[in-house]
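Accompanying notes for the structure given below.
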Amino acid sequence: TFPGCQAPDAVDTFRVMLVIDESGSMGSASEIQAVKNTVTGFATVLEDNATTAGQFEMGIIDFDDVATEELPLTDVKGDPQFLNKVDDYKNNRYTPGGFTNYQLALNKVKEVNENLQKADKAVLDIVFFMSDGDPRTSAGVQPTNVWQPLANDIKCPATGDSTYIFGIGIGDGVQDINIIDLSGTDQLSATTSLANGADWTKENIDQLPDLLIELAKSLRDNEAPSFTTCPANIDVVNDQGKCSAVVTFTALAEDNCTAVTLEGSHDSGDEFNVGETTVTIIAKDNFDNTTDKADDDGNKSNCVFKVTVRDEEDPRLSSCPTRGVKATTPDNSCEANVTFNITATDNCTASPTIVSTPASGSSFQLGDTPVTTTVTDEKGNTNICSFIVTVTDDKKPTFTNCPGNQKVNTDQDLCSAVVTFNVRATDNCTANPSIVSTPASGTAFPLGFTTVRSKAKDNAGNIADCVFTIEVEDGQAPSITCPAN
């Protein structure tokens with residue numbers, strides 16, 4: 001792994017350049033063999049780990065007092081002669097001699113980078129300097145004030161891409177095999193090791209090939225992006241008038257190497273239906289670490305949370321007879337069957353339940369009866385419609401006995417007659433409606449015709465009339481006082 005990143009800028013092709021010290025100080029048999037072993041091991045592991053053409057490119061620059069690009073960047077999988085070319089270099093063209101000039105080597109790296117940029121390609125991703133000296137501080141060879149500007153210029157070109165430069169100590173004069181960052185003070189400290197702080201120091205130079213194999217394996221990014229912000233479960237109330245709610249949330253992720261692409265089952269600002277919805281957001285980096293090319297590229301991590309939209313909106317009454325419902329009694333009853341129509345709509349429930357007490361169509365007694373109607377949707381939200389049903393009695397009493405016209409004779413020795421009669425009436429509501437006759441029964445009716453008006457009145461004030469006549473005739477002969485003979 002590299003400081004802060006397992007595969008810096010490895011979006012498409014990952015480019016590795018080995019810069020090998022070919023000066024005379026590297027000329028012992030053990031040093032030459034160590035270089036050959038490391039180069040072979042590095043190339044072999046890259047070729048083994050590449051799953052497709054275009055994934056890894058490797059090149060070789062060697063230097064003494066001349067810097068030469070011995071192996072231009074070569075596709076380790078796409079070029080079937082890659083390993084043969086590496087073998088040709090190590091067996092026939094690595095011949096240590098001459099003086100060490102780190103500046104020439106670094107300038108050659110810069111030249112390669114510039115040529116890549118001119119071809120609209122990304123820069124080198126990582127450069128390994130393999131030498132028995134420290135290219136930053138070797139006295140009389142490469143002053144520090146020259147190395148660092150050059151290293152920083154390579155590491156941070158105008159394109160914004162970055163090149164990591166590492167030094168690998170190798171040679172008989174090296175007590176420990178150290179892998180150190182040579183990129184310059186602008187980016188990383190000079191003591192940062194490749195293991196993110198782990199001890200990569202080796203005391204046996206024979207272990208260097210294994211070390212480089214591990215490094216080559218680590219060129220591939222196995223670390224998935226991490227979510228810096230993954231929303232907690234969200235609980236909201238529906239938007240007014242809708243069976244849903246627009247929900248916004250923020251999900252943020254970062255990656256150790258590349259930009260992060262967020263893909264979700266839902267987006268912030270989507271409209272979520274009432275109920276529970278599981279939202280899955282996938283953070284994907286741009287580095288292909290799969291061996292199965294049918295799989296989507298990129299390491300992935302998930303952020304999963306739930307959005308719950310609660311329906312807390314009451315049904316709406318479309319019609320409610322708040323001014324009351326009025327009805328009248330039928331002819332033969334003091335109650336009335338009353339119907340009324342109450343309708344309602346709801347944001348979620350197509351047909352909310354409507355329950356009235358008493359129900360529409362019930363028999364309502366005379367007078368005022370309060371009615372309560374409850375409208376309920378599927379989530380238990382309710383609305384109340386309250387009103388009064390008023391039943392009035394507008395039916396007149398009915399006479400069961402209305403006497404007909406009567407003709408009577410005057411009472412003895414009187415010019416009138418006391419007449420009695422019986423007027424009876426019933427009512428749909430009043431058990432005994434009041435009956436008032438004028439003149440009343442038992443009144444002395446004078447000689448001639450008298451109209452009698454009887455009024456039957458119920459408790460509601462309804463009045464029925466019964467009209468008949470009393471005719472009084474003088475049926476008594478005159479009395480004569482006749483003198484005696």
Salt bridge or not for Lys284 and Glu263, using N-O below 4.0 Å?
yes
Qualifying disulfide bond (SG atoms under 2.5 Å apart) pairs, either residue in residues 28-112, two or more places apart
none
Enumerate the ring-ring contact (aromatic ring centres under 6.0 Å, His included) contacts for residues 306-331, please, sequence neighbours excluded, ordered by first and then second residue.
none
Flag if over 12 foreign heavy atoms under 6.0 Å of [atom1], [X]:
X: Lys36; atom1: NZ; result: yes
X: Lys379; atom1: NZ; result: no
X: Glu276; atom1: CD; result: yes
X: Arg93; atom1: CZ; result: yes

Going through the checks in order, is the salt bridge (charged side-chain N to carboxylate O under 4.0 Å, His left out) test met by Lys85 and Asp79?
CA-CA 10 Å; Lys85 292 177 180 179; Asp79 187 341; 2.7 Å; yes
Does [X] use its side chain to pair, donor to acceptor, with the backbone of [Y] at less than 3.5 Å?
X: Asp311; Y: Glu313; result: yes
X: Thr376; Y: Thr353; result: no
X: Asn238; Y: Cys243; result: no
X: Thr349; Y: Glu378; result: yes
X: Ser265; Y: Thr280; result: yes
X: Asn383; Y: Arg316; result: no
X: Glu254; Y: Ser226; result: no

Under the side-chain hydrogen bond (donor to acceptor under 3.5 Å, both in side chains) criterion, do Asn299 and Asp285 qualify, and how do the steps go?
CA-CA 6 Å; Asn299 300 298; Asp285 65 18; 3.1 Å; yes
Can you spot which of [options] makes a side-chain contact (heavy atoms from CB on, under 4.5 Å) with [X]?
X: Val279; options: Val307, Ile234, Val247; result: Val307
X: Val338; options: Thr369, Val391, Val371; result: Val391
X: Arg310; options: Val274, Asn381, Val237; result: Val237
X: Leu18; options: Asp62, Val127, Val39, Leu71; result: Val39

Distance-only donor-acceptor check, side chains [X] and [Y], under 3.5 Å:
X: Asn91; Y: Asp87; result: no
X: Ser319; Y: Thr343; result: yes
X: Asn37; Y: Gln33; result: yes
X: Thr392; Y: Asp394; result: no

Could you tell me if the side chain of [Y] sits less than 4.5 Å from the side chain of [X], heavy atoms only?
X: Phe272; Y: His266; result: yes
X: Val112; Y: Asn115; result: no
X: Met17; Y: Glu69; result: yes
X: Arg15; Y: Leu116; result: yes
X: Phe305; Y: Asn233; result: yes

Between Asn428 and Thr329, is a side-chain hydrogen bond (donor to acceptor under 3.5 Å, both in side chains) present by the stated rule, with each step listed?
CA-CA 8 Å; Asn428 60 322; Thr329 57; 3.1 Å; yes
Considering only residues two or more places apart or on different chains, which pairs with a residue in residues 332-342 satisfy side-chain hydrogen bond (donor to acceptor under 3.5 Å, both in side chains)?
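Passing the test, one end in residues 332-342: Glu335-Ser363.
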